[in-house]
Amino acid sequence: VPDTNVLVLARKKKDGEFERLPDLDLPVGIGEGEVFNWEDPRVWLVNPAEGKALLGMTAVKREQGKFVPHPAIVEASIVDGNLRVDQFTVFDEVGKNIVPLGDKFLYRPEDESHSLHLLVKPSDEKKLLVIKEVDFKNYDQVEWMRRKVGTVARPIEIGNGLRLLPIHGVRDGKGIDGDYKKNIYAIGFAIIDNDWDILAISAAPMWGREDFLTNLPLGEGLHGDKEKEVVYLCGLKERKDGVIEFPQNVWYRIIEF
């Protein structure tokens with residue numbers, strides 16, 4: 001749940017309905033250098049048979065009177081049908097939206113609007129090594145992503161050495177309700193090769209907030225204002241029949257917990 005430190009887990013049942021499980025339990029504090037909020041979950045299954053998973057998270061810390069985002073990795077296990085936190089690492093880098101990719105990671109540095117970094121963890125230190133800049137600067141005039149680009153899920157193999165990389169783009173402008181919005185999110189794709197070079201970008205996004213109006217009408221934004229229209233992914237699921245499911249988080253309203 002955005003900006004509330006509530007990490008909701010749900011299970012899809014055989015009848016297609018969802019049941020809510022106990023929320024993911026990660027420590028929070030209010031002191032200097034402590035994690036104030038966990039957000040931006042991105043999922044990677046390490047070993048589905050053993051019920052092991054990696055979650056990429058953004059850990060927001062209090063540092064010198066400011067809220068500073070850091071990429072974090074949470075190792076988890078499925079125990080008695082619930083997701084249990086085994087251990088976590090908060091890295092020194094400043095940024096967010098970290099996506100686990102096996103032995104690599106992809107994230108967006110906080111001071112970059114159209115650049116993603118491909119990373120490796122060289123040791124047990126809380127540092128990540130940049131091995132590639134995935135540069136979207138040539139696409140900063142594409143309407144749906146002109147303000148910034150973020151990561152949402154791992155790439156999808158499409159053959160001939162090509163992959164489809166899901167991304168979210170952010171723009172400002174007139175929202176669905178006619179009011180000006182500073183942050184209007186949408187989801188699209190980049191085509192990349194095995195070297196993580198960008199070959200093409202969606203001319204228009206695949207999904208935006210307007211695509212969910214029939215079953216989820218507009219509600220209130222954070223603190224009752226209307227500064228955002230948000231939709232983003234938390235990962236993806238490739239089914240045995242070849243269909244890919246994209247679980248999406250659609251901003252409707254903030255619920256008091």
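On a predicted model such as this, the values are computed, not experimentally measured, just so you know.
Using a 4.5 Å heavy-atom threshold, the side chains of D211 and V231 count as separate. Side-chain contact check for F136 versus K148: every heavy-atom pair is 4.5 Å or farther apart. Here the side chains of N97 and Y107 are not in contact, with every heavy-atom distance at 4.5 Å or above. Within the 4.5 Å cutoff, no side-chain heavy atoms of L54 are placed close to those of V74. V35 has its side chain out of reach of L26: every pair of non-hydrogen atoms, C-beta onward, lies at least 4.5 Å apart. Considering only heavy atoms from C-beta on, V230 stays 4.5 Å or farther from R209 through its side chain. Side-chain contact between I187 and P205 is absent, with no heavy-atom pair separated by less than 4.5 Å. Proximity of D86 to K52: side-chain heavy atoms (C-beta onward) are separated by under 4.5 Å at one or more points.
In this structure, D15 contributes its side chain and E17 its backbone to a donor-acceptor pair below 3.5 Å. R154 contributes no side-chain N or O that, together with a main-chain N or O of G102, makes up a donor-acceptor pair within less than 3.5 Å. Side-chain N or O atoms of W38 include one that pairs as donor or acceptor with a backbone N or O of P27 at under 3.5 Å. A side-chain donor-acceptor contact under 3.5 Å links E32 to the backbone of Q64. The closest donor-acceptor contact from the side chain of R42 to the backbone of T151 lies under 3.5 Å. A donor-acceptor pair under 3.5 Å is absent between the side-chain atoms of R62 and the main chain of F67, judged by distance alone. When atom types are taken as modelled, the side chain of H117 and the backbone of E133 share no donor-acceptor pair closer than 3.5 angstrom.
Within 6.0 Å of atom CG in D80, 12 or fewer heavy atoms from other residues, nucleotides or ligands are found, so the atom counts as exposed in its surroundings. For CG of L199, the number of neighbouring non-hydrogen atoms (other residues, nucleotides, ligands) closer than 6.0 Å is greater than 12. The neighbour count for K13 NZ, taken as heavy atoms of other residues, nucleotides or ligands under 6.0 Å away, is above 12. Other residues, nucleotides and ligands place more than 12 heavy atoms under 6.0 Å from the NZ atom of K137. For D172, the CG atom sits in a packed shell: over 12 heavy atoms of surrounding residues, nucleotides or ligands are nearer than 6.0 Å.
Distance CG/N249 to CD/E39: 11.5 Å, rounded to 0.5 Å. Separating the CG atom in L24 from the CG atom in L7 is a distance of 5.5 Å, to the nearest 0.5 Å. For the atom pair CG of L119 and NZ of K104, the computed distance is 11.0 Å after rounding to the nearest 0.5 Å. Note: M206 CE to Q248 CD = 9.5 Å, rounded to the nearest 0.5 Å. For the atom pair CD (E229) and CG (N183), the distance works out to 10.5 Å, reported to the nearest 0.5 Å. Taking NZ of K132 as the start and CG of D195 as the end, the distance is 6.0 Å to the nearest 0.5 Å.
In terms of heavy atoms, V6 sits closest to R20 at CG1-NH2, 3.8 Å. The shortest heavy-atom contact between R146 and H114 is O-CE1, 3.1 Å. A pairwise comparison of heavy atoms in L116 and P109 identifies CA-CD, 4.5 Å as the closest pair. The two residues A10 and F18 come nearest to each other via the heavy atoms CB-CD2, 4.4 Å. Taking every heavy atom of both residues into account, P166 and I156 meet most closely at CG-CD1, 4.5 Å. What you find for P22 and N82 is that their closest heavy atoms are CD-OD1, 3.4 Å.
With respect to H70, the side-chain hydrogen bond (donor to acceptor under 3.5 Å, both in side chains) criterion is satisfied by exactly one of K96, E93, K61, E63: E63. Checked against P71 for a side-chain contact (heavy atoms from CB on, under 4.5 Å), the options D40, L106, I98 give a single hit: I98.
Shown here are the salt bridge (charged side-chain N to carboxylate O under 4.0 Å, His left out) partners of E157, two or more places apart in sequence or in another chain: there are none. For D241, the salt bridge (charged side-chain N to carboxylate O under 4.0 Å, His left out) criterion is met by R239, not counting sequence neighbours.
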* To do: Decide yes or no on side-chain contact (heavy atoms from CB on, under 4.5 Å) for K12 and K237, but give the supporting numbers first.
  => CA-CA 12 Å; K12 186 177 182 180; K237 180 182 179 182; over 6 Å; no
* Could you go through the side-chain contact (heavy atoms from CB on, under 4.5 Å) check for V120 and D103 one step at a time? => CA-CA 7 Å; V120 294; D103 61 345; 5.9 Å; no
* To do: Could you walk me through whether I73 and F91 pass the side-chain contact (heavy atoms from CB on, under 4.5 Å) test, one step at a time?
  => CA-CA 8 Å; I73 295 296; F91 296 103; 3.6 Å; yes
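The aromatic rings of F246 and F189 lie perpendicular to each other, with more than 60° between the two planes, well past the 30° mark.
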